Amino acid sequence: MNVPLIKVLKAGLQTTVQDLGRKGYQRYGISPSGAMDAYALQMANILVGNPLGESGLEVTIIGPRLEAMADVSIAICGGDLKPMVNNEEVPMWRCFVFKKGDVLSFGKGGNGARAYISFAGGIDVPLVLGSKSTFINGGMGGLDGRQLEQGDSLHGNPFVRRNRFLHKDFIPEYKTRLEIRVILGPHLEKFTSNAIEQFLSGDYMVSPQSNRMGYRLEGPELSHIGGADIISDAIPAGGIQVPSNGQPIILMAERQTTGGYARIATVISVDLPILAQAMPGTEVRFVKITVKEAQNLYLKRKKLLQALSVIAH
């Protein structure tokens, strides 16, 4: 039964409803959006017994303050933003009961940029083009196409289930220095050989000018052959554009659908969740792998999530 689930007492920096994204609409100029860290969201859903693709709340750096309007099991995964219930710390990567009248808040984090809150039974917001995800720049999905604000309320179909936790082997470590695996291309002919070497050997830093659309990096300047422009083509998740200033931009969940700058590489799917947790100032170094290696890593991750989901039910 659909009932009030939570009330927003304080919104936080950027709290949005997200699922695994809006698939199949890039051809119409609509960003996929979805959770930046899809792994953390899916693990949170597994812990509370939801389908893998159910929506939850994506919390960014400074968390919200939420009051429970009904008893519901929840799980918080991803970046450790120091969650507390009634001012008492609660564990992450674990399912527990959020009781009616309880208040969930967050302290000062520092290990990861984004936390994900899954509620048993999910969040009841309308499907827009097959997804509940908030596309902020497009003003669609989630709650009225925007981030949560003080005074908002969300509904759901809450239920309570036994507590469960995730084995430590499945909990990522979020570091301040990352090695991110990439597949080189598709526009290598637009870069000098020295630029490709610098890209793979240099240290980059995540700029404060980064968001759900893209991560701007600061580091060795990458030189082009014949300029940075190409005939616009489709942008995949993790595509790394290099505009005329030579500084890479990694396109993330709420990326534009097409782009006219040469791409030097693409971040592999299984490393995007780790990258999504990078705070400004995080150091990044790129490591090239093959398409086959990336596919095998993707299939291994997919099988793990599917197996855990089956066990959880």
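In this text, all values refer to a predicted model and were calculated from it rather than measured experimentally.
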Check whether the side chains of [X] and [Y] place a donor and an acceptor atom closer than 3.5 Å, and report yes or no.
X	Y	value
S133	Q18	yes
N245	E221	no
S309	Q306	no
S232	T258	no

What residue pairs, at least two apart or across chains, pass salt bridge (charged side-chain N to carboxylate O under 4.0 Å, His left out) with a residue in residues 92-110?
->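 Salt bridge (charged side-chain N to carboxylate O under 4.0 Å, His left out) check on residues 92-110 returns no pairs.
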
Do the side chains of [Y] and [X] get nearer than 4.5 Å, heavy atoms only?
X	Y	result
L104	I6	no
T16	L57	no
V59	L81	yes
S153	P4	no
F96	I74	yes
R255	Q241	no
F199	L184	yes
K10	P64	no

Same hydrophobic cluster for [X] and [Y], using side-chain heavy-atom links shorter than 4.5 Å among ILVMFWY?
X	Y	result
I76	L52	yes
I196	V267	yes
V291	V287	no
L178	I250	yes
M36	I235	no

Could you walk me through whether L9 and L66 pass the side chain to side chain contact (heavy atoms under 4.5 Å, CB included) test, one step at a time?
-> CA-CA 6 Å; L9 305 179; L66 308 172; over 6 Å; no

Would you check, one step at a time, whether the test side chain to side chain contact (heavy atoms under 4.5 Å, CB included) holds for L143 with I123?
-> CA-CA 10 Å; L143 185 64; I123 298 171; over 6 Å; no

Any ion pair linking D152 and K7 (charged N to carboxylate O, less than 4.0 Å)?
->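 Result for this pair is no, no salt bridge flagged.
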
Identify whether the distance between the nearest side-chain nitrogen and carboxylate oxygen of R181 and D271 falls below 4.0 Å.
-> yes

Has [X] got a side-chain atom pairing as donor or acceptor with [Y]'s backbone, closer than 3.5 angstrom?
X	Y	value
N211	G214	yes
S207	S210	no
N86	V103	yes
T134	V17	yes
S31	A253	yes
K190	I230	no
R65	A11	no
R263	V242	no
N157	N2	yes

Measure across [X] and [Y] and return the closest heavy-atom pair with its distance rounded to 0.1 Å.
X	Y	value
G238	L272	CA-CD2, 3.8 Å
S73	V48	O-CG1, 3.8 Å
I274	P172	CD1-CB, 3.8 Å
L222	I264	CD1-CD1, 4.0 Å

When you look at T192 and S223, which way does the side-chain hydrogen bond (donor to acceptor under 3.5 Å, both in side chains) test go after all the steps?
-> CA-CA 6 Å; T192 66; S223 52; 2.9 Å; yes

Neighbour count above 12 (heavy atom, 6.0 Å) for [X] [atom1]:
X	atom1	result
R285	CZ	yes
Y261	OH	no
E189	CD	yes

Take L217 and V206, measure what side chain to side chain contact (heavy atoms under 4.5 Å, CB included) needs, and give me the verdict at the end.
-> CA-CA 5 Å; L217 303 182; V206 176; 4.1 Å; yes

Hey, which of I117, L148, V8 is the one that makes side chain to side chain contact (heavy atoms under 4.5 Å, CB included) with T15?
-> L148

Co-members of I62 in a cluster of I, L, V, M, F, W and Y side chains, linked at under 4.5 Å |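 When side chains under 4.5 Å apart are linked, the cluster holding I62 also contains L13, I61, M279.
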
Sequence neighbours excluded, every pair satisfying ring pair (Phe, Tyr, Trp, His ring centres under 6.0 Å) that has a member inside residues 13-69 |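 Applying ring pair (Phe, Tyr, Trp, His ring centres under 6.0 Å) to every pair that reaches into residues 13-69, excluding sequence neighbours, yields nothing.
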
Contact list for residues 147-197, test ring pair (Phe, Tyr, Trp, His ring centres under 6.0 Å), sequence neighbours left out | F191-H224

Verdict with reasoning, I289 to V182, per side chain to side chain contact (heavy atoms under 4.5 Å, CB included) = CA-CA 6 Å; I289 67 170; V182 298; over 6 Å; no

Provide the full list of side-chain hydrogen bond (donor to acceptor under 3.5 Å, both in side chains) pairs with a residue in residues 45-60, sequence neighbours left out, each pair given once.
->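 Listed by first then second residue: N45-N50, N45-S118, E54-K132, E58-Y116, E58-R212.
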
Can you spot which of Q42, Q277, R114 makes a side chain to side chain donor-acceptor pair (under 3.5 Å) with D37?
->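 The passing option is Q277.
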
Taking side-chain contact (heavy atoms from CB on, under 4.5 Å) as the test, write out the residues that go with N137, two or more places apart.
-> F135, M213, E254

